[in-house]
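Within every chain, numbering begins at 1; the chains are lettered A, B, ... in the order of the sequence lines, protein sequences first and strands thereafter. Keep in mind the model is a prediction, meaning the values are calculated, not measured.
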2 protein chains.
Amino acid sequence: MKQDLKKRYAAQAAVIKAMAHPTRLLILNSLKKRETCVCELRDLVGDDISTVSKHLLVLKNAGLVAARREGNWLHYRLTCPCVLEFAACVGGLKGKNV
Amino acid sequence: MKQDLKKRYAAQAAVIKAMAHPTRLLILNSLKKRETCVCELRDLVGDDISTVSKHLLVLKNAGLVAARREGNWLHYRLTCPCVLEFAACVGGLKGKNV
DNA sequence: CATCTATTTGGCTATTTGGCAAAATAGAAC
DNA sequence: GTTCTATTTTGCCAAATAGCCAAATAGATG
């Protein structure tokens with residue numbers, strides 16, 4: 001495997017890995033509609049707010065979301081709505097885990 | 001989060017998770033061209049063959065690949081070529097990890 | 001300044017993952 | 001049947017992950 005190819009796949013895998021969690025998919029799909037503050041996402045997800053915050057960090061580090069402060073609230077938004085299109089394709093698969 | 005929605009996201013996440021590894025992305029992209037036997041994939045990837053076999057198991061469990069025996073060789077093939085389209089989208093992202 | 005509110009960070013534990021090497025298996029060939 | 005070859009499975013270990021709670025932080029407001 002060539003080195004630059006390796007790097008490119010590693011970069012892609014990092015983003016895909018950030019998406020590879022039910023809660024984070026829920027968050028991404030929710031943000032598709034409109035930007036949302038963390039506390040609202042916590043209500044939607046139902047986990048501890050620190051857990052939600054960590055999920056958002058993962059998404060932010062992958063470049064999938066960005067935040068905007070408005071008073072006390074941080075509003076998160078999708079940076080790349082296209083990433084969700086492929087979820088529909090994935091939905092049709094029939095695997096042992098699925 | 002409603003229960004059925006939760007399940008749907010868990011199912012999607014399982015497939016995405018299976019894709020979320022550089023070696024597995026390499027394998028998937030290689031299989032896009034044509035079906036390939038394990039030993040050939042081992043040469044391409046460069047890891048131990050048991051490692052490659054495990055990656056293939058992950059992909060198989062997710063429903064992303066399937067195998068066909070021909071003599072001593074097992075030929076793996078993509079079951080859902082569409083899953084690779086979104087990698088191009090992901091490639092454009094600029095994150096801390098990417 | 002102190003205080004309140006929204007969010008992040010750190011610490012902890014349990015679980016999962018990726019890799020190699022050795023042993024086991026499945027089918028082909030003798 | 002035995003043997004050979006391709007592949008999978010098992011065992012082990014180090015590293016990464018997800019979750020909660022408690023503590024820390026950043027702005028807003030008094």
Is B/Ser53 near enough to D/dT8 that one of its side-chain N or O atoms lies under 4.0 angstrom from OP1 or OP2?
yes
Please report the distance, rounded to the nearest Å, between CH2 in A/Trp73 and C1' in D/dT29.
12 Å
Non-hydrogen side-chain atoms of A/Val45 and A/Thr51 separated by less than 4.5 Å
no
Nearest-Å distance, CD (B/Glu70) to C1' (D/dA6)?
13 Å
Trace of the side-chain contact (heavy atoms from CB on, under 4.5 Å) decision for A/Leu57 with A/Lys60:
CA-CA 5 Å; A/Leu57 181 64; A/Lys60 194 164 59 175; 4.2 Å; yes
How many Å lie between CD on B/Glu40 and P on D/dT5, as a whole number?
19 Å
Is any side-chain heavy atom of A/Val65 closer than 4.5 Å to one of A/Ile27?
no
In whole angstrom, what separates B/Leu57's CG from D/dT10's P?
10 Å
A/Asn72 has an atom CG; how far is it from atom P of D/dT29, in whole Å?
7 Å
Between A/Lys17 and C/dT17, is there a contact of a side-chain N or O with OP1 or OP2 at under 4.0 Å?
no
Whole angstrom value for the distance that separates C1' of C/dC20 from CZ of B/Arg42
14 Å
Name the nucleic acid region contacted by A/Arg24, choosing base, sugar-phosphate or nothing; use a 4.0 angstrom heavy-atom cut-off, strictly under.
sugar-phosphate
Does C/dA6 have OP1 or OP2 under 4.0 Å away from a side-chain N or O of A/Tyr76?
no
In this structure, how many angstroms lie between the C1' atom of D/dA6 and the CG atom of B/Leu74, rounded?
8 Å
For A/Arg69 and for A/Asp47, find the nucleotide of DNA chain D with the closest heavy atom, then tell me which residue's nucleotide is more 5'.
A/Asp47
Nearest-Å distance, CD1 (A/Ile49) to P (D/dA22)?
15 Å
How many angstroms lie between CZ in B/Arg8 and CG in A/Asn29, if you round to the nearest 0.5 Å?
8.0 Å
Can you check whether B/Thr51 has a side-chain N or O nearer than 4.0 Å to OP1 or OP2 of C/dC20?
yes
So, OP1 or OP2 of C/dT8: does either fall under 4.0 Å of a side-chain N or O from A/His55?
no
Nearest heavy-atom approach of B/Leu26 to A/Tyr9 is CD1-CE1, 3.6 Å
Any donor-acceptor pair under 3.5 Å joining the side chain of B/Lys54 to the base of C/dG19?
yes
